[in-house]
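Remarks on the structure that follows.
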Amino acid sequence: MTPQDFRGDGPTRPSRRTFLSAATAGAAATVAAPLAGTSSAAASGGGGASGPGRPIRPQSPDRELRELLREIDERRIEATVRRLAAFGTRHTLSSQDDPVRGIGAARDWIHEQLRGYADRSGGRMTVELQSYVQEPASRIPVPTRITNVVATLRGETSPDRIYVVTGHYDSRCTDVMDATSDAPGADDDASGVAVAMELARVMATRRSEATIVFAAVAGEEQGLYGSGYLARQFKAAGADVQGMFSDDIVGSSTADDGTRDRRTLRLFAEGVPTAETPAEANTRRSVGGENDSPSRQLARYVSDVADNDSTGMRIRVIYRRDRYLRGSDHISFLEQGYPAGRFTEPNEDFAHQHQDVRVVDGKQYGDLPEFCDFEYITRVAKVNAAALWSLAQAPGTPKGVTIVTTNLTNDTELRWTRGTEPDLAGYEIVWRETTAPEWTHVIPVGDVGTATVDLSKDNVFFGVRAVDTAGHRSPVAFPRPGS
Ligand SMILES: [Zn+2]
């Protein structure tokens, strides 16, 4: 849709009045039009419509985050990948008590490393072995202990709000039931474990507002068992997990044809929520929102805070839950209704995943460290760090966000529940054309619980985000119709 089409929508559209009123509960307040530039086209995205507010801009890393990113250490990441590969195999059905070879030795090594980081956290970080016995199931022939190694950096002011990053430390070779052959799993997924561990190391010495969980999960190749258990434990505890990332196969920048893409990281994010209820599906069919799941808002947030010079990475968001024929640990969190996404390298080389280590016609197969790009993994860690740290230092995603639909009107009233963060400064309304992939406009409305915008809810999509006194933004909440 062109701006001309948009203007042709009606004699009163678009209005230069940016919004009519905004009010806290009980105390109505009229807020002046916020900023100039109300009719300028969007800076990015496909909409380009003019209307209230100003073009939205990415959130730049602040000094604290830039310092944190500089501490992420490529040599440590490389050492972690090589150490994990040296356990020979980390197959879920491999030995749990051999001190040298197998998944038990890898589990104990990861545990020891994380406890070392926690020792320097002033008591803020705790580490646990979270374990259960998986009864026989697909790819699990006998009762098998599955153990996640979980480090938790407890938040100072919003400890009940949680963000999670995982890599899976189990590995496999060609036969998914082969627990004895070498399965170095350098890219799949020592790379993701190395990312989660390096983030635990650099964040352990810092104070975070919300809680961050760094987990090395097991049983992924046999059926997402470790992450399934982790997500179910959170759900059973009523945990408020507001974002989760699986780093799975983030180790190489080289495609199977030899071309390299050192600066792109894919982020898979679903549209229609895996855990959508029938009532939510009815609403979506009625008024749209298939591109506005919490996971899509999370992905937009990652682009907003992590696609920049500080990470050296471009985020390629993919609008699907995962790749064809594959699935990763974020699906376990999506199944519990938590927003989640999967980071993975730009182009895969299937000769170096899920393969017996062997040479055929002079070509080396197998998931070996020599095929990893450690500079690339370091930038992946920076993307994760920028996303997680920004999330955890910002206010939480607004809750109870409602688009008021009790009357037929040509403006739009939004309501939400005020957050409890001590440094909460207020809220921003964002909007975009329904055909635009990204939010294009922002309207600051102050510390209020409701606002009315002079734009028809029939014609654009709206969202609400929170902002703190330091200017950190939350992810956007997409409203539900209500009263
Ligand atoms: Zn994997």
Side-chain angles (χ1 to χ4, degrees), residues 77 80-81 84-85 87 89-94 103 106-107 110 134 138-140 146-149 164-179 181-197 214-231 244-254 256 265-269 318 320-335 340-357 365-369 371-373 376-377 380-381 384:
I77 286 171
T80 297
V81 171
L84 288 170
F87 290 107
T89 178
R90 304 186 307 278
H91 194 278
T92 295
L93 304 171
S94 66
I103 193 165
R107 171 200 65 209
I110 295 166
Q134 175 61 46
S138 170
R139 301 184 174 186
I140 301 280
I146 308 275
T147 303
N148 300 322
V149 193
V164 181
V165 59
T166 70
H168 70 85
Y169 73 96
D170 63 308
S171 66
R172 61 169 287 186
C173 54
T174 302
D175 175 1
V176 71
M177 303 305 287
D178 179 350
S181 298
D182 278 353
D187 192 357
D188 187 9
D189 181 34
S191 65
V193 174
V195 165
M197 289 176 64
F214 315 84
V217 297
E220 196 269 352
E221 303 290 7
Q222 311 309 112
L224 312 182
Y225 286 110
S227 61
Y229 188 71
L230 180 65
M244 180 274 182
F245 303 107
S246 170
D247 283 80
D248 194 357
I249 311 181
V250 293
S252 169
S253 55
T254 306
D256 57 6
L265 179 61
R266 288 185 293 171
L267 173 54
F268 283 82
I318 310 278
R320 47 170 56 111
R321 190 170 71 172
D322 209 325
R323 303 115 73 229
Y324 284 98
L325 302 175
R326 297 292 183 90
S328 185
D329 294 305
H330 61 304
I331 294 173
S332 297
F333 282 73
L334 296 172
E335 286 173 345
R342 182 230 178 110
F343 287 117
T344 203
E345 62 197 33
N347 302 291
E348 291 170 82
D349 185 340
F350 298 108
H352 302 142
Q353 296 174 17
H354 301 190
Q355 292 280 354
D356 291 337
V357 179
Y365 287 80
D367 191 353
L368 296 163
F371 299 116
C372 285
D373 175 344
Y376 179 82
I377 304 173
V380 173
N384 278 267

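All ligand and atom numbering here is 1-based and tracks the order in the structure.
Here D188 reaches the Zn ion (ligand 1): one of its N/O/S atoms is less than 2.8 Å from the metal. Between the Zn ion (ligand 1) and E221 there is no N/O/S contact shorter than 2.8 Å.
Judged by distance alone, with hydrogens and angles left aside, the side-chain atoms of D182 form no donor-acceptor pair with the main-chain N or O of D356 at under 3.5 Å.
Residues L84 and V193 meet the side-chain proximity criterion, which asks for heavy atoms closer than 4.5 Å. Side-chain atoms of E221 and H91, non-hydrogen and from C-beta on, never get closer than 4.5 Å to each other.
Rounded to the nearest 10 degrees, the angle NE2 (H168) to the Zn ion (ligand 1) to OD1 (D248) equals 90°.
At a cut-off of 3.5 Å, with distance as the only test, a side-chain donor of D248 or H168 sits close to an acceptor on the other residue.
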